[in-house]
Amino acid sequence: MKILAFGASTSRTSINKALATCAAGLVAKSEVEVLDLNDYEMPLYNADREKELGPQALAQAFLEKIAASDAVVVSFAEHNGTYTAAYKNLFDWCSRLEKGVFQSKPMVFLSTSPGAAGAGSVLAQALASAPFFSADVRGSLSFPSFNDNFDIARGIITNDELKAKLMTELKKLG
């Protein structure tokens with residue numbers, strides 16, 4: 001199974017990218033490709049700019065990465081209770097090319113933060129909007145208190161209970 005993984009953040013030290021990478025690597029017999037949203041930076045989307053600039057090649061490239069995968073694991077970073085501006089911008093450009101951005105791919109949606117809520121607000125938003133953009137979300141998990149439950153240097157989950165919950169969600173990919 002070819003899994004596409006990314007954190008919905010452009011931070012060079014993104015804990016969401018670390019979680020998505022780790023999670024995708026836990027899926028047995030899988031080939032993992034990890035994307036960096038910094039590679040998909042585009043002008044801020046608006047209708048006028050779209051008319052002026054036309055379709056963006058980086059948005060098309062992102063959609064092609066999704067199309068080439070068998071499943072997607074994404075971990076959403078939360079900025080002020082919602083998506084990061086970088087992710088939302090990429091998503092907006094992509095949705096103008098393909099309303100079904102997620103192309104009916106089996107997906108696991110994650111979120112994490114240093115706090116106890118684990119970026120649950122943005123995860124709830126992502127889950128609520130997913131059906132409108134052809135996401136086949138099979139599982140989800142808000143991963144709380146990232147720094148207490150994940151060893152960033154080794155890229156591993158240190159909390160066995162959370163790891164078991166994550167494995168349960170990942171098994172739903174098929």
Side-chain angles (χ1 to χ4, degrees), residues 1-41 58-78 83-84 86-88 90-91 93-95 97-113 118-120 122-127 129-143 146 149-174:
M1 177 184 303
K2 184 174 181 183
I3 299 178
L4 185 68
F6 65 92
S9 168
T10 54
S11 170
R12 288 187 301 270
T13 58
S14 171
I15 61 177
N16 281 278
K17 185 177 177 184
L19 180 60
T21 300
C22 173
L26 293 172
V27 178
K29 300 178 183 175
S30 65
E31 171 191 337
V32 177
E33 180 176 7
V34 179
L35 299 184
D36 185 331
L37 289 195
N38 288 297
D39 296 335
Y40 298 91
E41 189 172 330
L58 290 175
Q60 184 62 46
F62 188 80
L63 290 168
E64 288 170 3
K65 291 289 187 179
I66 293 172
S69 70
D70 297 313
V72 179
V73 174
V74 57
S75 187
F76 294 94
E78 185 175 274
Y83 301 109
T84 64
Y87 172 76
K88 183 67 168 79
L90 172 60
F91 186 85
W93 278 108
C94 287
S95 71
L97 294 171
E98 172 67 51
K99 184 178 186 315
V101 172
F102 297 119
Q103 304 168 51
S104 301
K105 298 295 179 173
M107 301 184 78
V108 170
F109 279 6
L110 308 171
S111 66
T112 193
S113 71
V122 71
L123 182 59
Q125 289 174 33
L127 290 167
S129 70
F132 300 106
F133 301 100
S134 300
D136 179 10
V137 180
R138 305 261 179 102
S140 66
L141 178 68
S142 172
F143 190 95
F146 181 83
N149 296 307
F150 196 95
D151 182 333
I152 196 80
R154 296 187 304 158
I156 61 167
I157 298 167
T158 57
N159 180 309
D160 291 336
E161 183 180 331
L162 278 173
K163 184 175 181 180
K165 286 181 181 180
L166 178 58
M167 291 300 297
T168 297
E169 298 307 303
L170 291 169
K171 286 178 184 172
K172 296 174 185 177
L173 286 175

From [X] [atom1] over to [Y] [atom2], what is the distance, rounded to the nearest 0.5 angstrom?
| X | Y | atom1 | atom2 | value |
| --- | --- | --- | --- | --- |
| E64 | L58 | CD | CG | 11.0 Å |
| L166 | I157 | CG | CD1 | 4.5 Å |
| N149 | D160 | CG | CG | 10.5 Å |
| M107 | L4 | CE | CG | 8.5 Å |
| Q60 | E98 | CD | CD | 9.0 Å |
| L37 | S11 | CG | OG | 11.0 Å |

Any idea which heavy atoms bring [X] and [Y] closest together, and the distance?
| X | Y | result |
| --- | --- | --- |
| G174 | R138 | N-NH1, 4.3 Å |
| T112 | A119 | O-CB, 3.5 Å |
| C94 | A59 | SG-O, 3.6 Å |

Plane angle bin for Y83 and Y87 - parallel if under 30°, tilted between 30 and 60°, otherwise perpendicular = tilted
Is S111 reaching over with its side chain to a backbone N or O of G118, donor-acceptor style, under 3.5 angstrom?
-> yes
Side-chain donor-acceptor distances from residues 66-76 under 3.5 Å, at least two apart:
from: S69; atom 1: OG; to: I66; atom 2: O; distance (Å): 2.7
from: D70; atom 1: OD2; to: K2; atom 2: N; distance (Å): 2.7
from: S75; atom 1: OG; to: N16; atom 2: OD1; distance (Å): 2.6

Would you check if the distance from the ring center of F62 to the ring center of F6 is below 6.0 Å?
-> yes
Give the C-alpha distance, both sets of side-chain angles, the deciding distance and a yes or no for side chain to side chain contact (heavy atoms under 4.5 Å, CB included) between L110 and L123.
-> CA-CA 7 Å; L110 308 171; L123 182 59; 5.9 Å; no
Can we say E161 and K165 salt-bridge, meaning some charged N sits less than 4.0 Å from an Asp/Glu carboxylate O?
-> yes
Mind checking whether [X] and [Y] have side chains closer than 4.5 Å, heavy atoms only?
| X | Y | answer |
| --- | --- | --- |
| F102 | F91 | yes |
| T10 | T84 | no |
| F146 | I152 | yes |

Take L127 and V137, measure what side chain to side chain contact (heavy atoms under 4.5 Å, CB included) needs, and give me the verdict at the end.
-> CA-CA 8 Å; L127 290 167; V137 180; 3.7 Å; yes
Tell me, yes or no, whether the heavy-atom count around K171 atom NZ, taken from other residues, nucleotides or ligands under 6.0 Å, exceeds 12.
-> no
Donor-acceptor pairs under 3.5 Å, side chain of residues 20-35 to any protein atom, not counting sequence neighbours: which ones?
from: T21; atom 1: OG1; to: K17; atom 2: O; distance (Å): 2.7
from: S30; atom 1: OG; to: V27; atom 2: O; distance (Å): 2.7
from: E33; atom 1: OE2; to: K65; atom 2: NZ; distance (Å): 2.6

